[in-house]
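Accompanying notes for the structure given below.
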2 protein chains.
Amino acid sequence: MKFSARFEYALLALLYLKCEPDESPISGRVLSEKLSLPYRFLEQILTDLKKAGLVRSVRGYHGGYRLAVEPEEISLYDVFRVTEGKLEPYNCGEGENGDRCGQSHNMCVISSFYDDIKDTMTNLLKSYTLDKLCQASRNMGAPKAAPAANV
Amino acid sequence: MKFSARFEYALLALLYLKCEPDESPISGRVLSEKLSLPYRFLEQILTDLKKAGLVRSVRGYHGGYRLAVEPEEISLYDVFRVTEGKLEPYNCGEGENGDRCGQSHNMCVISSFYDDIKDTMTNLLKSYTLDKLCQASRNMGAPKAAPAANV
DNA sequence: ATAATTTACATCGAATCGATAGGAATTATG
DNA sequence: CATAATTCCTATCGATTCGATGTAAATTAT
Ligand code: FES
Ligand code: FES
């Protein structure tokens, strides 16, 4: 189970926008260079983030991106929804008939497990806000344990 | 976030083997018919389950599959490991240098979130055993609410 | 007018996924 | 021994997804 590159890139970009609060917006080009991420690809992601209302964009000469809402209000759940789509484990189309499990959805053993997964993931994702992550990042100034020098 | 068909098929097969404990092993053919699953594909999955030691197989004329361990001992974590691979959210190769986040792994904000996800998922998956699921399935004998008859 | 930028599409290559197929090895039964 | 039923191994296919690149148009300060 892996998270997509989209998710990580979006998160890194948002963290950068938050941790470097500037007067002028930050351009996609600068963002991609600072984070060493592919320029075009990152812009796609930023566009998605904009559609979702997480960032705001300014076009033209000194344009760029900035956060659209307060960083306490942006949770990893929001980022997830933008980059990974719906958090729906069901393979059966929920409302309709379960074609895979062969049973009707409300009689399916698996569905109760899926419900659990869905709730748990949702809660976990919502518990991480951009703000907390940025604070944690600051507290990491010094690495936990310096790796032993080799030789 | 979806679970693979492999996961569901494996789970359905294991549940069948558990809930229909028989003297003679159950063949892949029968299993696929009872569960309405594609024969060849299911056998691939059963082979994987066997390699993982969850089922035992008997070859030849009256051959087939049966559970290899007690159903209390089989958790969804085991099934997950077989069908979905490692539960490693990290995109950076953990031990090595983080190529995506650009930081060393023990200084990466994202890694702490990934650790959390990993632990949470692991615990949740381990909390579901084959036995519990089968009991739940029995308790579902009567549907919660009969869907309204149309017309 | 010009340069820098966002924005929208189109496409590409690789990987993954569900599924199918052929054939070899194994084993009870006659 | 011959046969039928079965597991098992491996190859492949078609579709989809994913990360990434490219092109070109719209927007805006200077
Ligand atoms: S029928 Fe919906 S999960 Fe089984
Ligand atoms: S460096 Fe490992 S998750 Fe960021």
Side-chain angles (χ1 to χ4, degrees), chain A residues 1-13 17 22-33 35-66 68 80 82-86 91-92 99-101, chain B residues 1-13 17 22-33 35-66 68 80 82-86 91-92 99-101:
Chain A
M1 202 209 61
K2 289 209 177 303
F3 282 71
S4 69
R6 279 189 153 78
F7 179 80
E8 282 195 19
Y9 293 177
L11 187 47
L12 290 171
L17 290 180
D22 210 343
E23 288 304 316
S24 55
I26 303 180
S27 81
R29 180 69 69 181
V30 167
L31 218 40
S32 80
E33 281 168 0
L35 298 170
S36 319
L37 300 180
Y39 170 50
R40 299 281 187 188
F41 192 33
L42 182 59
E43 274 200 332
Q44 280 185 28
I45 298 168
L46 287 167
T47 301
D48 292 341
L49 289 174
K50 191 206 162 191
K51 281 179 189 160
L54 297 184
V55 303
R56 200 173 294 148
S57 77
V58 181
R59 305 183 69 163
Y61 200 77
H62 278 153
Y65 299 89
R66 57 175 56 156
F80 187 94
V82 173
T83 60
E84 315 272 319
K86 278 218 168 188
N91 283 107
C92 61
D99 48 339
R100 223 172 240 179
C101 318
Chain B
M1 204 210 58
K2 292 210 175 302
F3 282 70
S4 69
R6 280 189 151 79
F7 179 80
E8 282 195 18
Y9 293 175
L11 188 47
L12 290 171
L17 290 181
D22 210 345
E23 288 304 317
S24 54
I26 303 180
S27 81
R29 181 68 70 180
V30 167
L31 217 40
S32 80
E33 281 167 1
L35 298 170
S36 319
L37 301 180
Y39 170 51
R40 298 282 191 184
F41 192 33
L42 182 58
E43 273 199 331
Q44 281 184 26
I45 299 168
L46 287 167
T47 301
D48 292 341
L49 289 175
K50 192 208 163 189
K51 280 180 189 159
L54 298 184
V55 302
R56 202 173 293 148
S57 77
V58 181
R59 304 184 70 165
Y61 200 77
H62 278 154
Y65 299 89
R66 57 176 54 156
F80 187 94
V82 173
T83 60
E84 315 272 320
K86 278 219 166 186
N91 283 106
C92 61
D99 50 339
R100 224 172 239 180
C101 318

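Model, not experiment: these values are computed from the prediction. Here is the naming used below: chain letters follow the sequence lines, and residue numbers restart at 1 for every chain.
Counting distance only, with no hydrogens placed and no angle test, the side-chain atoms of B/R29 and the base atoms of D/dA5 include no donor-acceptor pair under 3.5 Å. Looking at B/Q44, its side chain comes within 3.5 Å of the base of C/dT20 through a donor and an acceptor atom. Side-chain to base pairing of A/R40 with D/dG19: no donor and acceptor N or O lie closer than 3.5 Å to each other.
Here D/dC9 presents its P atom at 13 Å from CG of B/L46, a figure rounded to the nearest Å. Look at CG on A/L49: it is 13 Å from P on C/dA8, rounded to the nearest Å. Atom CG in B/D48 sits roughly 11 Å away from atom P in D/dC8 (whole-Å rounding). Per the geometry, CG belonging to A/L17 stands 11 Å off P belonging to C/dT6, to the nearest Å. Rounding to whole angstrom units, CD1 of residue A/I45 and P of C/dT7 are separated by 14 Å. If you take CG of B/L37 and P of C/dT20, they are 11 Å apart, rounded to a whole angstrom. Distance CZ (A/F7) to C1' (D/dG19): 17 Å, rounded to an integer number of Å. As a whole-Å value, the separation of A/Y61 OH from C/dT7 C1' is 19 Å.
Under 4.0 angstrom from either OP1 or OP2 of C/dT7 there lies at least one side-chain N or O belonging to A/S57. Listed pair B/R59 / D/dC8 fails the phosphate criterion, with no side-chain N or O lying under 4.0 Å from OP1 or OP2. Contact annotation: B/Y9 side-chain N/O to C/dA19 OP1/OP2 distance is under 4.0 Å. Note on B/K50: every side-chain N or O is 4.0 Å or more away from OP1 and OP2 of D/dT7.
Contact check for A/S57 versus A/Y65: side-chain heavy atoms found under the 4.5 Å cut-off. With contacts defined as side-chain heavy-atom distances shorter than 4.5 Å, the pair B/T83/B/D48 does not qualify. Between B/Y9 and B/S4, every side-chain heavy-atom pair lies at or beyond the 4.5 Å cut-off. Residues A/Q44 and A/R6 have side chains in contact (heavy-atom distance under 4.5 Å, counting atoms from C-beta outward).
Residue A/Y39 is in base contact, counting any heavy-atom pair closer than 4.0 Å across all strands shown.
Taking the side chain of A/S4 as heavy atoms from C-beta on, and the options D/dC9, D/dG19, C/dA4, the nearest nucleotide is D/dG19. For B/E43, the side-chain atoms get nearest to D/dC8 when compared with the rest of D/dC8, D/dA29, C/dA8. Counting only heavy atoms from C-beta on, B/P38 has its side chain closest to C/dA19 among C/dA4, C/dA19, D/dC18.
A donor-acceptor pair under 3.5 Å is absent between the side-chain atoms of A/E84 and the main chain of A/F3, judged by distance alone. Judged by distance alone, with hydrogens and angles left aside, the side-chain atoms of B/R56 form no donor-acceptor pair with the main-chain N or O of B/R66 at under 3.5 Å.
Between B/H62 and A/H62, the one whose closest nucleotide on DNA chain C sits nearer the 5' end is A/H62. The nearest heavy atom of DNA chain D to A/F41 and to A/V58 marks one nucleotide each, and the one closer to the 5' end goes with A/F41.
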